[in-house]
Amino acid sequence: MTEPDESARHREKMKKIKAARDKMMATKTGEKGLIVVHTGPGKGKSSSGFGMIMRCIAHDMPCAVVQFIKGNWITGEREFLRQNFAEQCTFVVSGEGFTWDTQDRDRDIAAARAGWEQAKDLIRNPEIRMVLLDEINIALRYDYLPLDEVIAFLRDEKPPMTHVVLTGRNAKPELIELADLVTEMTLVKHPFRDGIKAQKGVEF
């Protein structure tokens with residue numbers, strides 16, 4: 001087959017693909033505030049959530065972050081957002097650190113509860129378009145928050161056009177069932193297994 005013939009064949013193939021895609025896209029007209037879950041043992045759950053926050057800021061969509069569990073970490077995303085986009089993105093830290101660091105279940109529960117109360121206020125705020133509940137799945141996993149209450153609130157009280165993103169390993173099946181979009185990060189390889197500590201700019 002000559003090069004002109006191959007180019008022509010490619011064009012025809014792409015025309016058919018475009019026509020099929022345009023037809024499919026014409027049926028996708030709905031719009032709603034999504035419940036999004038990032039879970040799984042692999043890296044990238046929080047990173048993906050913060051990427052969505054960056055998109056909101058770029059689109060002039062007011063947003064908020066409530067960070068559960070890893071409260072005493074000085075993370076790059078927290079410093080970046082607070083120093084550069086404090087007006088566009090409210091940032092709440094409710095945890096005091098990983099549960100094996102605090103070693104105080106009552107304090108962990110109290111911190112998670114305080115974060116959830118603030119999260120509900122932010123989600124109810126009609127001006128805020130997206131709320132990232134970072135590592136809330138961990139708080140739910142350890143029963144720091146009542147799962148039934150979180151599910152009921154997201155189902156019954158979340159404004160119709162507000163997006164809520166929930167991150168953390170071991171998302172509860174009930175939350176996965178409720179969500180509109182669920183992504184499971186799969187662990188294939190991680191340097192921690194080879195004795196490499198968390199790296200600035202990669203993990204935090």
- Message: Run the side-chain hydrogen bond (donor to acceptor under 3.5 Å, both in side chains) test against E184 and tell me which residues pass, sequence neighbours left out.
- Response: none

- Task: Enter the distance from Q88:CD to C63:SG here, rounded to the nearest 0.5 Å.
- Result: 8.0 Å

- Message: Looking at E157, I want to see if its CD is surrounded by more than 12 non-hydrogen atoms of other residues, nucleotides or ligands under 6.0 Å.
- Response: yes

- Any chance you could measure L140, atom CG, to N170, atom CG, to the nearest 0.5 Å? 11.0 Å

- Common cluster, I57/M61, ILVMFWY with side-chain heavy-atom separation under 4.5 Å: no

- Message: Which heavy atom of L81 sits nearest to which heavy atom of C89, and what is that distance?
- Response: CD1-SG, 4.2 Å

- Task: Answer yes or no: is there a side-chain heavy-atom contact under 4.5 Å between V165 and I53?
- Result: no

- Side chains of L122 and V92: closer than 4.5 Å at any heavy-atom pair? yes

- Message: For a quick test of reading the model, state the closest non-hydrogen atom pair linking V37 to A179 and the distance between them.
- Response: CG2-CB, 3.7 Å

- pair M52-L132: side-chain heavy atoms closer than 4.5 Å: no

- Message: Using 0.5 Å steps for rounding, measure from the NZ atom of K172 to the CD1 atom of I136.
- Response: 12.5 Å

- Query: Does R55 CZ have over 12 foreign heavy atoms under 6.0 Å away?
  - Reply: no

- Task: Determine, for E149 against R113, whether the closest basic-nitrogen to carboxylate-oxygen distance falls under 4.0 angstrom.
- Result: yes

- Co-membership, hydrophobic cluster, residues L166 and M161, 4.5 Å side-chain: no

- Pairs touching residues 31-44 that satisfy side chain to side chain donor-acceptor pair (under 3.5 Å), sequence neighbours left out: K32-D180, H38-S48

- Give a yes or no on whether the ring-centroid distance for F85 and F80 is below 6.0 angstrom. yes

- Co-membership, hydrophobic cluster, residues I138 and M185, 4.5 Å side-chain: no

- Item | Distance (rounded to the nearest 0.5 Å) between L133 CG and I35 CD1 | 10.0 Å

- When rounded to the nearest 0.5 Å, the distance separating OH of Y142 from CZ of R105 is 10.5 Å

- Report yes or no: does T167 contribute a side-chain atom to a donor-acceptor pair with the main-chain N or O of E135 at less than 3.5 Å? yes

- When every non-hydrogen atom of V66 is compared with those of G115, the smallest separation belongs to CG1-O, 3.6 Å

- Query: Do I123 and I128 touch side chain to side chain, with heavy atoms closer than 4.5 Å?
  - Reply: no

- Quick one: pull up CD in E127 and OG1 in T90 and give me the separation to the nearest 0.5 Å. 10.0 Å

- Message: Suppose we screen for side-chain hydrogen bond (donor to acceptor under 3.5 Å, both in side chains). Which residues come up paired with N84, at least two apart in sequence or across chains?
- Response: none

- Message: To check you understand the geometry: which heavy-atom pair defines the closest contact between A139 and F68, and what is its length?
- Response: CB-CD2, 4.5 Å

- Query: Does some side-chain heavy atom of K13 sit less than 4.5 Å from a side-chain heavy atom of R9?
  - Reply: no

- Give me the ring orientation class for F153 and W116: parallel if the planes are under 30° apart, tilted from 30 to 60°, perpendicular past 60°. perpendicular

- Query: Are I176 and V164 joined in one hydrophobic group, where the rule is that I, L, V, M, F, W and Y side chains link up if heavy atoms are under 4.5 Å apart?
  - Reply: yes

- Query: Within a strict 4.5 Å, meaning less than it, do heavy atoms of the R82 and V93 side chains meet?
  - Reply: yes

- Judged by atom type as modelled, is there a donor-acceptor pair below 3.5 Å linking the side chain of S94 to the main-chain atoms of Q67? yes

- Query: Where the side chain of R169 meets the backbone of R141, is there a donor-acceptor pair that is under 3.5 Å apart?
  - Reply: no

- Query: Do NZ/NE/NH1/NH2 and the carboxylate oxygens of D121 and R124 come within less than 4.0 Å?
  - Reply: yes

